[in-house]
Amino acid sequence: MAKQEKTFRPKARVPKGLRDVAAPNVRAEARMIARIREVYERYGFDPLETSALEYADALGKFLPDEDRPNEGVFSFQDDDEQWLALRYDLTAPLARYVAEHYDGLPKPFRRYQTGPVWRNEKPGPGRFRQFTQFDADTVGAPSVAADAEMCMMGADCLEALGLQRGQYRLRVNNRKVLDGLLEEIGLGTDAEDRTHMTVLRSIDKFDKLGRRGVELLLGAGRKDESGDFTKGAGLAPEQISRVLDYVESGLNEASADRGAVLEGWRNVVGNSAIGREGIDELAEMDALFTAAGYGPDRIEFNSWIVRGLGYYTGPVFEADLLFDVKDEDGNLVRFGSVGSGGRYDGLIERFKGVKVPATGFSVGVSRLQAALEALGRVEKDVVAPPVVVLTLDASNMAGYQGMVGELRNAGIRAEMYLGGSGMRAQMKYADRRGAPVAVIEGEDERARGIVTLKDLILGSEVSREITDNAEWRQSAAAQIEVERSKLVEGVCEILARHGLHSGHHGR
RNA sequence: GCAGGCGUAGCUCAGAUGGUUAGAGCGCUAGAUUGUGGAUCUAGAGGUCCCCCGUUCGAUCCGGGGCGCCUGUACCA
């Protein structure tokens with residue numbers, strides 16, 4: 001069978017893990033970003049924008065995990081054969097920026113930045129290969145006061161976005177505490193050590209897998225639902241129980257008393273110098289939280305917060321939502337954290353050779369928006385749909401343009417129909433756009449010096465009671481005629497009837 | 001990445017043992033009903049039956065490989 005020749009047609013599809021964002025969500029995200037910006041500005045941070053592309057070596061690799069070296073970053077070669085990469089977060093570009101302009105910057109340097117970042121990895125529900133982050137960082141501040149401020153600011157952001165106290169929590173831990181724990185159970189202090197990393201990652205899963213799951217991961221390993229096996233850390237039973245003791249030590253107190261949590265941790269890791277240092281730092285942060293009025297209902301100390309193993313060196317924190325979210329099929333959706341951060345004292349050192357202490361917090365804008373949407377916290381689109389001026393007479397486009405101009409000058413969102421179809425299609429268009437008013441001027445109206453204004457909102461209510469077509473069409477429901485010169489007043493009146501904003505009329 | 005499941009129209013899905021022209025509902029585009037959204041009727045557009053290779057006279061269907069989607073897991077800078 002001879003194959004028919006066919007013209008090549010590219011398949012219209014968005015690449016995996018990427019997505020198109022429609023008007024209501026674009027606007028919702030813009031509002032969200034504006035609110036976060038207000039909070040960051042209030043804390044004294046200044047904006048900075050860096051480019052989406054960086055030299056790949058400037059981004060560096062923060063995956064000591066040899067399972068997947070070099071993955072996660074979109075990169076390509078420039079004309080000069082140097083490797084460029086899309087930024088995968090906003091912190092690495094900040095480190096590059098600070099290193100590049102170090103001498104000219106005030107220290108501490110405090111900046112915020114938002115924008116899309118890209119990660120070349122497997123997408124999942126609420127997890128995309130491009131998403132928006134909103135970062136704030138303080139560079140050159142060694143004190144944990146800077147970290148404490150990040151946590152409080154994170155809480156402020158979530159509340160500014162409409163989350164109630166109790167619907168979220170900032171969970172704070174300190175890498176030094178975890179290092180102390182590992183030292184205490186005899187694992188040494190080599191952060192690159194494989195067992196070391198496996199143990200930390202196991203602890204991180206307490207929230208998801210519970211005590212039993214973590215126990216398996218610390219020991220021989222765990223089999224998941226699909227039957228796939230995850231190799232464990234291979235700790236001895238004695239070591240496992242000490243880790244679990246630590247993880248559970250603050251559990252009951254967590255929502256009640258930060259000081260009690262720290263005391264519990266002291267019993268577990270108190271013999272290690274690094275562990276003690278970590279706990280002391282957290283005690284200092286606790287004092288600042290308390291002085292500023294941030295109780296444990298907003299910020300808690302949490303034993304299983306670990307965060308990524310790449311570069312955090314001190315306090316780490318994460319903003320978690322405490323309510324369940326279900327998808328369309330009624331399945332529970334795990335959103336993960338909607339914000340995170342921590343201290344990364346080694347990052348700028350990569351460029352400068354000198355240690356520059358830094359800490360930061362990042363809101364996961366895309367993910368948080370998805371969560372707020374699920375919670376019904378996203379306000380309806382605040383931009384009113386436009387009034388549509390029908391173009392019934394192709395020889396009178398100038399006249400229609402004039403009407404649209406008058407409406408726009410009066411501050412009313414308006415457009416004329418620009419398609420090529422007939423009146424019925426034009427009405428359908430206006431309907432689909434959600435237009436509150438259709439302005440109709442055919443030959444009849446023009447001859448009489450009037451325009452017909454159709455109240456589409458009222459019309460839609462009326463239509464529900466009419467089943468007969470002739471009646472429906474002849475009723476000319478919800479239409480009024482006004483003199484051509486009274487177009488703007490007439491439209492304003494209908495808008496006002498529905499409580500719609502009609503621009504700056506009266507001016 | 002690993003494990004399992006699944007790929008037929010924009011969406012939800014039928015379908016034949018391997019046989020000519022692959023269907024439905026919804027949606028979409030138009031027409032009819034005086035120049036009007038809904039309703040009704042009519043017509044039209046839209047498919048490489050995920051892709052490649054193999055077996056076969058013949059593959060959307062069988063076999064192998066790949067890609068994509070879903071779930072779990074891993075990772076999450």
**Q** Provide the distance between the two C1' atoms, one in A9(B) and one in C13(B), to the nearest whole Å.
**A**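 After rounding to an integer number of Å, I get 11 Å for this pair.
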**Q** Is the phosphate of G68(B) approached by Lys16(A) (side-chain N or O, under 4.0 Å from OP1 or OP2)?
**A**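 For G68(B), OP1/OP2 do have a side-chain N/O of Lys16(A) under 4.0 Å.
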**Q** Picking from U29(B), G37(B), C76(B), which would you name as closest to the side chain of Arg432(A)?
**A**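 Among U29(B), G37(B), C76(B), the one nearest the side chain of Arg432(A) is U29(B).
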**Q** Rounding to an integer number of angstrom, what distance separates A22(B) and U29(B) when you compare their C1' atoms?
**A**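 Nearest-Å result for A22(B) against U29(B) at atom C1': 23 Å.
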**Q** What is the nucleic acid contact for Glu318(A), judged by heavy atoms within less than 4.0 Å: base, sugar-phosphate only, or nothing?
**A**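 Since no nucleic acid heavy atom lies under 4.0 Å of Glu318(A), the category is nothing.
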**Q** With pairs defined as Watson-Crick or G-U wobble and both distances under 3.5 angstrom, please note down RNA chain B as a dot-bracket string, | for pairing with another strand.
**A** (((((((..((((.....[...)))).(((((.......))))).....(((((..]....))))))))))))....
**Q** Write down the distance between CE (Met197(A)) and C1' (C76(B)), rounded to a whole number of angstrom.
**A**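 My rounded result for the distance is 14 Å.
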**Q** Pick base, sugar-phosphate or nothing for Arg127(A), based on heavy-atom distances below 4.0 Å to the nucleic acid.
**A**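 Here Arg127(A) touches the bases of the nucleic acid.
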**Q** Distance between the P atoms of A45(B) and A24(B), in whole angstroms?
**A**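 Between the two P atoms, the distance is 13 Å.
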**Q** Whether the Glu441(A) and Asn396(A) side chains hold a donor-acceptor pair (N or O, under 3.5 Å, no angle test) is what I'd like checked.
**A**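 On atom types as modelled, these side chains qualify, holding a pair under 3.5 Å.
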**Q** Side chain of Lys205(A): nearest nucleotide among A74(B), A77(B), U73(B)?
**A**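 Looking only at heavy atoms from C-beta outward on Lys205(A), the closest nucleotide is A74(B).
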**Q** Taking the C1' atom in each of G27(B) and G44(B), what is the distance between them to the nearest angstrom?
**A**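 Between the two C1' atoms, the distance is 14 Å.
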**Q** Applying a 4.0 Å non-hydrogen cut-off, can you work out what Leu390(A) is touching in the nucleic acid: base, sugar-phosphate, or nothing?
**A**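 Here Leu390(A) touches no strand at all.
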**Q** How many Å lie between NZ on Lys428(A) and P on A30(B), as a whole number?
**A**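 Taking NZ of Lys428(A) and P of A30(B), I get 8 Å after rounding.
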**Q** Atom CG of Asp345(A) to atom C1' of A77(B): distance rounded to whole Å?
**A**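 Spelled out: CG on Asp345(A) to C1' on A77(B) is 16 Å.
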**Q** Can we call the ring centroids of Tyr40(A) and Phe134(A) under 6.0 Å apart?
**A**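 Centroid distance Tyr40(A)-Phe134(A): below 6.0 Å, so yes.
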**Q** Considering only G35(B), U73(B), A77(B), which nucleotide approaches the side chain of Tyr312(A) most closely?
**A**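 Output: A77(B).
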**Q** Side chains of Asp224(A) and Thr230(A): any donor to acceptor distance under 3.5 Å?
**A**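 No, no side-chain donor-acceptor contact under 3.5 Å.
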**Q** Calculate, to the nearest 0.5 Å, the distance between atoms CZ and CG belonging to Phe317(A) and Asn173(A) respectively.
**A**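 Going from CZ on Phe317(A) over to CG on Asn173(A), the span is 11.5 Å.
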**Q** Rounding to a whole Å, what distance do you find between Lys122(A):NZ and A3(B):C1'?
**A**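 Checked: the NZ to C1' distance equals 10 Å.
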**Q** In whole angstrom, what separates Asp204(A)'s CG from C76(B)'s C1'?
**A**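 Rounded to the whole Å, the gap is 9 Å.
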**Q** Starting at CD of Glu445(A) and ending at C1' of U36(B), how long is that distance when rounded to a whole Å?
**A**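 Computing the Glu445(A):CD to U36(B):C1' distance gives 11 Å.
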**Q** Please determine which of Glu481(A), Glu443(A), Glu483(A) meets the salt bridge (Lys or Arg N to Asp or Glu O under 4.0 Å) test together with Arg448(A).
**A**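 Among Glu481(A), Glu443(A), Glu483(A), the one meeting salt bridge (Lys or Arg N to Asp or Glu O under 4.0 Å) with Arg448(A) is Glu481(A).
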**Q** Using the closest heavy atom to pick a nucleotide of RNA chain B for each, name whichever of Ser340(A) or Ser421(A) lands nearer the 5' end.
**A**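 The answer here is Ser421(A).
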**Q** NA contact type, Thr91(A), heavy-atom cut-off 4.0 Å: base, sugar-phosphate, or nothing?
**A**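 No contact.
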**Q** So which nucleotide from A77(B), A74(B), G68(B) ends up closest to the side chain of Tyr311(A)?
**A**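 Output: A77(B).
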**Q** Does Gln479(A) make a side-chain donor-acceptor contact with the base of U36(B), cut-off 3.5 Å?
**A**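 By the distance-only test, yes, there is a pair.
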**Q** What I want to check is whether the side chains of Thr313(A) and Arg343(A) have a donor and an acceptor closer together than 3.5 Å.
**A**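 Side-chain D/A pair, Thr313(A) to Arg343(A): absent.
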**Q** With the side chain of Arg424(A) defined as its heavy atoms from C-beta on, choose the nearest nucleotide among A30(B), A32(B), A77(B).
**A**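 That would be A32(B).
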**Q** How far does the C1' atom of U42(B) sit from the matching atom of C52(B), given to the nearest Å?
**A**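 Each nucleotide's C1' atom is 43 Å from the other's.
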**Q** In terms of the angle between their ring planes, are Phe206(A) and Trp304(A) parallel, tilted or perpendicular, with boundaries placed at 30° and 60°?
**A**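 Taking Trp304(A) first and then Phe206(A), their aromatic rings sit tilted (interplane angle of 30° to 60°).
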**Q** For G47(B) and C28(B), measure between their C1' atoms and round to the nearest Å.
**A**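 One C1' to the other, the span is 16 Å.
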**Q** Which residue in the set Leu390(A), Val387(A), Val439(A), Val404(A) passes side-chain contact (heavy atoms from CB on, under 4.5 Å) when paired with Met416(A)?
**A**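 That would be Val404(A); it is the only one of Leu390(A), Val387(A), Val439(A), Val404(A) passing the side-chain contact (heavy atoms from CB on, under 4.5 Å) with Met416(A).
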**Q** Kindly point out which of C76(B), C69(B), A74(B) is positioned nearest to the side chain of Arg201(A)?
**A**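 The listed nucleotide nearest to Arg201(A)'s side chain is C76(B).
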**Q** From CZ of Arg129(A) over to P of C76(B), roughly how many Å is that when rounded to an integer?
**A**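 Going from Arg129(A) (CZ) to C76(B) (P), I get 19 Å.
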**Q** Of the options A77(B), A74(B), U40(B), whose atoms approach the side-chain atoms of Leu209(A) most closely?
**A**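 It is A74(B).
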**Q** Expressed as a whole number of Å, how far does the P atom of C41(B) sit from that of C69(B)?
**A**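 Taking atom P in both C41(B) and C69(B), they lie 40 Å apart.
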**Q** From the options A77(B), A74(B), G37(B), select the nucleotide whose nearest atom is closest to the side chain of Asp431(A).
**A**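 From the listed options, G37(B) comes nearest.
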**Q** Would you kindly compare Ala425(A) and Ile457(A) by the position of their nearest RNA chain B nucleotide and give the one closer to the 5′ end?
**A**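 On the 5' side of the pair lies Ala425(A).
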**Q** Considering only G35(B), G38(B), A74(B), which nucleotide approaches the side chain of Lys208(A) most closely?
**A**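 Nearest nucleotide to the side chain: A74(B).
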**Q** Taking A43(B) as the reference, what is the distance to G19(B) when you measure between their P atoms (whole Å, please)?
**A**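 One P to the other, the span is 31 Å.
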**Q** Which atoms form the tightest heavy-atom contact between Val383(A) and Arg413(A), and what is the distance?
**A**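 Minimum heavy-atom separation between Val383(A) and Arg413(A): CG1-NH1, 3.5 Å.
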**Q** Pair Arg110(A), Thr138(A) - check side chain to side chain contact (heavy atoms under 4.5 Å, CB included), show working.
**A** CA-CA 5 Å; Arg110(A) 290 151 63 74; Thr138(A) 299; 3.3 Å; yes
**Q** Nearest of A77(B), G37(B), U73(B) to any side-chain atom of Arg307(A)?
**A**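 So the side chain of Arg307(A) is nearest to A77(B).
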**Q** What's the CD1-P distance between Ile440(A) and U36(B), to the nearest Å?
**A**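 Rounded to the whole Å, the gap is 10 Å.
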